[in-house]
Amino acid sequence: MVEPFEQPIFVTRPLLPDLQIVTAKLQEIWAAQWLSNGGMQHQKLECALRDRLRVPNLTLFNNGTTALMAAVQTLGLAGEVITTPFTFVATTHALALNGLTPVFCDIDPSTMNIDPDQIESLITPKTSAIMPVHVYGMPCDVEQINEIARKHGLKVIYDAAHAFDSEVGGAGIGAYGDITMYSFHATKTFHTVEGGALAFGDAALKPRLERLKNFGIRDEERVDAVGFNGKLNELQAAVGLAVLDCLDGELTKRRALVDVYRAAFDGVPGLTLPPLSEHSRTTPSYFVIRIEKELFGSTRDDVYRHLQGYNVFARKYFYPLCSDFAPYRHLPSAAPQRLPVASRIARQVLALPLYGALSAREVERICELVLATPLRFSRGTERSLPAVFVSL
Ligand SMILES: *Cc1c(COP(=O)(O)O)cnc(C)c1O
């Protein structure tokens, strides 16, 4: 019998570096008397991240959403942008806030990323760009998307908020597309409390982006763009440097926990596990299963509620779809019948707890709880745990 957890288990927990290391960096900031506007910590973090992400150019922002907005503005996009409904709503908002019309494209049933085979049918004379998302850190089909963009003269901005450690063909994920956005929010794998960055191939974008995030200011007497305040401050940058030092350890722990989940759920009828890929590397940002009620015998919501009864707070990521939210559902491309795959998958997904401070035993208990969700539909047999777990 599985007991409820004594403390609530959330889907993630922020990676907190040793406080003494952060304090030492705060002392440096106090000594420098420089709190924002590209100080020492900011410069160090920008260089460290450019190396870590293996991208040619990088610029930091105070969050991922302002970074995405700056990307849209600097590329001068207009009209329509083809994007995915299966994402966090900031992706869609970054377009709408800049007067662009999001055009929702259905997703691939395996990767849950934008389905590249359906992009071309959505291109119109008004289309200026594609904004795909590397959902749950799983890389998109960057080659096919690149080919479509080249053929039709479109820009590509990737939302890599989940994909800090992702790779395709041995290259960092930020090496693809015109611009790639990273989010460093506290709940992301790498974070700066709040923060973000853009990576890009064209070095000429760097001064333009730097002006945009600093009110469009060129120098003391000139403002040449309608900019905003998108600057990452010194305290955030210092936390980021400390977090970066413990990131690899966190990733290793998370990948081991992913293996525990996979072993427990492998072959369970009605559960679909995240796809494995030989050509790319996924960031272990989330562990998301899909629950098919007829085969599993319970719905996603049954499992979600069952876990809550045991103090485990899974999340329905991404449900509802962005195309179902009030500001977007009137759009022609938002009609659920035009997004059959995304609409079905949004009802099946459940993100389970994944962070390095969880123990393997705790993950096993969570797996037991998932499998012990009361049956609502007859499935012939009870669910059973894999033999390796029963002894624990
Ligand atoms: C977190 C997230 C964002 C927004 O990033 P912030 O840093 O919170 O502004 C955008 N897109 C996706 C897919 C995200 O998960």
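Everything numeric in this text was worked out from a predicted model, so none of it was measured. Atoms within a ligand are numbered from 1 in the order they appear, just like the ligands themselves. When reading the values below, keep in mind they use all heavy atoms of this one structure, side chains included, and skip hydrogens, waters and symmetry mates.
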Report task. Just need the protein heavy atom nearest to atom 5 (O) of ligand 1, so name the residue and atom and give the distance. Result -> Ser183 OG, 3.2 Å
Query - Nearest neighbour in protein (non-hydrogen) for atom 3 (C) of ligand 1 - result: Phe88 CD2, 3.7 Å
**Report entry** Which residue and heavy atom of the protein sit nearest atom 2 (C) of ligand 1, plus the separation
**Finding:** Lys188 NZ, 2.9 Å
Requested in this report: Measure His162 to ligand 1 on non-hydrogen atoms and call it side chain, backbone, both or neither using the 4.0 Å cut-off.
Outcome: side chain
Query raised in the report: For ligand 1, is there an N or O atom under 3.5 Å from any N or O atom of Thr87?
Result: no
Requested in this report: Could you tell me which atoms of ligand 1, counted from 1 in the order shown, lie closer than 4.0 angstrom to a heavy atom of Ala90?
Outcome: 4 (C), 10 (C)
Query - Per-atom contacts, ligand 1 versus Thr91 - under 4.0 Å to a heavy atom - result: 11 (N)
Query raised in the report: So is Lys188 actually on top of Phe164's ring, under 6.0 Å and inside 45° of the axis?
Result: no
Query raised in the report: Would Asp302 and Arg305 pass as an ion pair if we require N to O under 4.0 Å?
Result: yes
Query raised in the report: Do the side-chain N and O atoms of Gln73 and Asn98 include a donor-acceptor pair separated by under 3.5 angstrom?
Result: yes
Report task. Examine the proximity of ligand 1 to Thr65 and report which part, side chain or backbone, both or neither, has a heavy atom under 4.0 Å away. Result -> both
Query raised in the report: Any idea which atoms of ligand 1 are less than 4.0 Å away from a heavy-atom of Met181?
Result: 10 (C)
Query raised in the report: Are Met131 and Ile179 connected in a single hydrophobic cluster, I mean Ile/Leu/Val/Met/Phe/Trp/Tyr linked by side-chain heavy atoms less than 4.5 Å apart?
Result: yes
Report task. Give a yes/no verdict on a cation-pi contact between Arg338 and Phe104, requiring under 6.0 Å between NZ or CZ and the six-membered ring centre and an angle within 45° of the axis. Result -> no
Requested in this report: Using a 4.0 Å heavy-atom threshold (strictly under), name the region of Asn63 that reaches ligand 1: side chain, backbone, both or neither.
Outcome: both
Requested in this report: Check whether the ring centres of Phe184 and Phe190 lie less than 6.0 Å apart, and answer yes or no.
Outcome: yes
Query raised in the report: Does an N or O anywhere in His185 fall below 3.5 Å from an N or O of ligand 1?
Result: no
Requested in this report: Run the salt-bridge test on Arg361 and Glu364 with the 4.0 Å N-O cut-off and return the result as yes or no.
Outcome: yes
Report summary line: If you scan protein heavy atoms around atom 11 (N) of ligand 1, the nearest is Asp159 OD2, 2.7 Å
Requested in this report: Using only heavy-atom distances, determine whether the side chains of Asp117 and Gln144 contain a donor-acceptor pair under 3.5 Å.
Outcome: yes
Report summary line: So the atoms of ligand 1 within less than 4.0 Å of a heavy atom of Gly195 turn out to be 7 (O)
Query - Nitrogen or oxygen of Gly64 less than 3.5 angstrom from that of ligand 1 - result: yes
Query raised in the report: Do Asn229 and Lys231 have side-chain atoms, one donor and one acceptor, less than 3.5 Å apart?
Result: yes
